[in-house]
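Chain letters run A, B, ... following the sequence lines, proteins first, then strands; residues in each count from 1.
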Number of protein chains: 2
Amino acid sequence: MAEKIPKPVSKRLVSYYMCLERLIDEGVEVVSSEELAKRLDLKASQIRKDLSYFGEFGKRGVGYNVEHLYNAIGEILGVKKEWKLVVVGAGNIGRAIANYAVMREKGFRIVGIFDNDPSKIGKEVAPGLIVKDVSDLERFVREEGAEIGVIAVPADHAQGVAERLEKCGILGILNFAPVKIKVSVPVENIDITAALRVLTFEIVRRSR
Amino acid sequence: MAEKIPKPVSKRLVSYYMCLERLIDEGVEVVSSEELAKRLDLKASQIRKDLSYFGEFGKRGVGYNVEHLYNAIGEILGVKKEWKLVVVGAGNIGRAIANYAVMREKGFRIVGIFDNDPSKIGKEVAPGLIVKDVSDLERFVREEGAEIGVIAVPADHAQGVAERLEKCGILGILNFAPVKIKVSVPVENIDITAALRVLTFEIVRRSR
DNA sequence: TAGATTGTTAATCGATTAACAATC
DNA sequence: TAGATTGTTAATCGATTAACAATC
């Protein structure tokens, strides 16, 4: 331990967590790294290695207690807590996020949504969620103690919004704008157009 | 050349393409790998190496002609063409995709959207886009010659939908459901909840 | 105890980067 | 020509995997 954790581990950790959730639903109580590997299309040794960065969670000769491992990974991922989100941008993506009920179930609660378009401000875009003026962003984030900022504004506004979020104490950013954001807090990017381009590249490549 | 292309190259290729688009907007005519690297936060030698898998695009001592490289990468990515998409699932995500105008501008045209919920079928969810019964999916895909399927259904239906799409000749899948889909065509995954979990993991990790 | 499966080490594999000859 | 920057090789770095001792 105290070893450096390879970057791909975090994504896999999330996939382990989701797989264990499913195993709990199925009523499975104990699972081996081999069985997990089969379900996730990975190597068993990779799963054991990944887990070893965080501790020892299994019983030799037996496997992993599903519920115990699930809780342990949940702890590592910061799942316990309810996270408060603000969404900046009330266009298509912002509104879809605001209405994406699954997030709430998983512990991500949207506490505010903002836009600079006067025709959008004041509108209720999801049950109980009224679009606020983005000029009120900083005050709101501080008062509500929001921790995650979701950027759903056009590309040319994304960096500016990110800097504002960073300054008022946001801990992490989920960015839907197709630009590389430079801030000191962690950023996760979701770029639908980029994903489509990677897909068409793969399609074109295979057809040769 | 004829060398195996590392997996991360495709994502970077897309980022080069987007960066060159911006450079064209800025009126820049020639760019060095050094300048590109600075903008994308990469190493210049990585960019040169990546490009070398596909050919020679620069002039030694000079750099790359922005427009020429842009077109060359566009060719590699399969950008020229207009791609026809069908969206399966007319919930929040499906509808957001249907309304995401940016995609159309980039050459991704949504030709159909499907659901199995009778209360949704027949509704117009985007200008000119009426939700169709998913039982009509196969016929429609074949007749329209749709190439890309977007899966925006709940996790437990995703694999089934994917297999149906595969069978009727879809060339690639963009999957929003939080499950690993097993088909022989290329799949790109977008999982918002998973991205949020990776983000909170990073937040929790840094706070230690 | 015998069989199974973990946790961990060491070997392998793949991707990135530095360095430099080629050449504009 | 001299200076700059590419394309490519070889060295380095990091991640994955096989193998196995530890142990349930």
When you match Pro6(A) and Gly58(B) each to their closest nucleotide on DNA chain D, which lands nearer the 5' end?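 The residue mapped nearer the 5' terminus is Gly58(B).
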Nearest nucleotide by nearest heavy atom, which residue falls closer to the 5' end of DNA chain D, Leu42(A) or Val62(A)?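 Mapping each residue to its closest nucleotide by heavy atoms, the 5'-most match is Leu42(A).
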Just the rounded figure in Å: distance from [atom2] of [N] to [atom1] of [X].
{"X": "Glu35(A)", "N": "dT6(C)", "atom1": "CD", "atom2": "P", "result": "11 Å"}
{"X": "Asp50(A)", "N": "dG14(D)", "atom1": "CG", "atom2": "P", "result": "17 Å"}
{"X": "Phe54(A)", "N": "dT6(C)", "atom1": "CZ", "atom2": "P", "result": "18 Å"}

If you count every heavy atom of other residues, nucleotides or ligands that lies below 6.0 Å from Arg139(A) atom CZ, does the total exceed 12?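 Count over threshold, so yes.
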Does Glu34(B) have more than 12 heavy atoms from other residues, nucleotides or ligands lying within 6.0 Å of its CD?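 No, the 6.0 Å shell around CD holds no more than 12 heavy atoms from other groups.
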Measuring from the side chain of [X] (C-beta onward, heavy atoms only), which nucleotide among [options] has the closest atom?
{"X": "Lys43(B)", "options": "dT16(C), dG7(D), dT17(C)", "answer": "dT17(C)"}
{"X": "Tyr53(B)", "options": "dA18(D), dG7(C), dT16(C)", "answer": "dT16(C)"}
{"X": "Ser32(A)", "options": "dT16(D), dT5(C), dT16(C)", "answer": "dT5(C)"}
{"X": "Ser45(B)", "options": "dT8(C), dA19(C), dT6(D)", "answer": "dA19(C)"}
{"X": "Pro8(B)", "options": "dA15(C), dT9(D), dT17(D)", "answer": "dA15(C)"}
{"X": "Arg48(A)", "options": "dG7(C), dA15(D), dG7(D)", "answer": "dG7(C)"}
{"X": "Gln46(B)", "options": "dT16(C), dG7(D), dA21(D)", "answer": "dT16(C)"}

Lys180(A) side, atom NZ; Met18(B) side, atom CE - distance, nearest 0.5 Å: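 Taking NZ in Lys180(A) and CE in Met18(B), the distance rounds to 12.0 Å.
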Tell me whether the OP1 or OP2 atom of [N] has a side-chain N or O from [X] closer than 4.0 Å.
{"X": "Tyr64(B)", "N": "dA4(D)", "answer": "no"}
{"X": "Ser52(B)", "N": "dG7(D)", "answer": "no"}
{"X": "Ser33(B)", "N": "dT6(D)", "answer": "yes"}

Whether the side chain of Arg60(A) and the base of dT23(D) hold a donor-acceptor pair under 3.5 Å is what I'd like checked.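 Looking at the base of dT23(D), it does not pair with any donor or acceptor on the side chain of Arg60(A) (distance under 3.5 Å).
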Tell me which nucleotide, if any, is Watson-Crick or G-U wobble paired with dC20(C) when both distances must be under 3.5 Å.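 Across any shown strand, dC20(C) pairs with dG7(D).
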Identify whether the distance between the nearest side-chain nitrogen and carboxylate oxygen of Arg39(A) and Glu26(A) falls below 4.0 Å.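 Judged by the 4.0 Å cut-off on N to carboxylate O distance, Arg39(A) and Glu26(A) do form a salt bridge.
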Regarding Lys49(B), tell me which of base, sugar-phosphate or nothing describes its non-hydrogen contacts under 4.0 Å with the strands shown.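 If one applies the 4.0 Å heavy-atom cut-off, Lys49(B) turns out to touch a base.
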Taking the six-membered ring for Trp, is the centroid-to-centroid distance between Phe114(A) and Phe140(A) below 6.0 Å?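 Yes, the ring of Phe114(A) comes within the 6.0 Å limit of the ring of Phe140(A), centre to centre.
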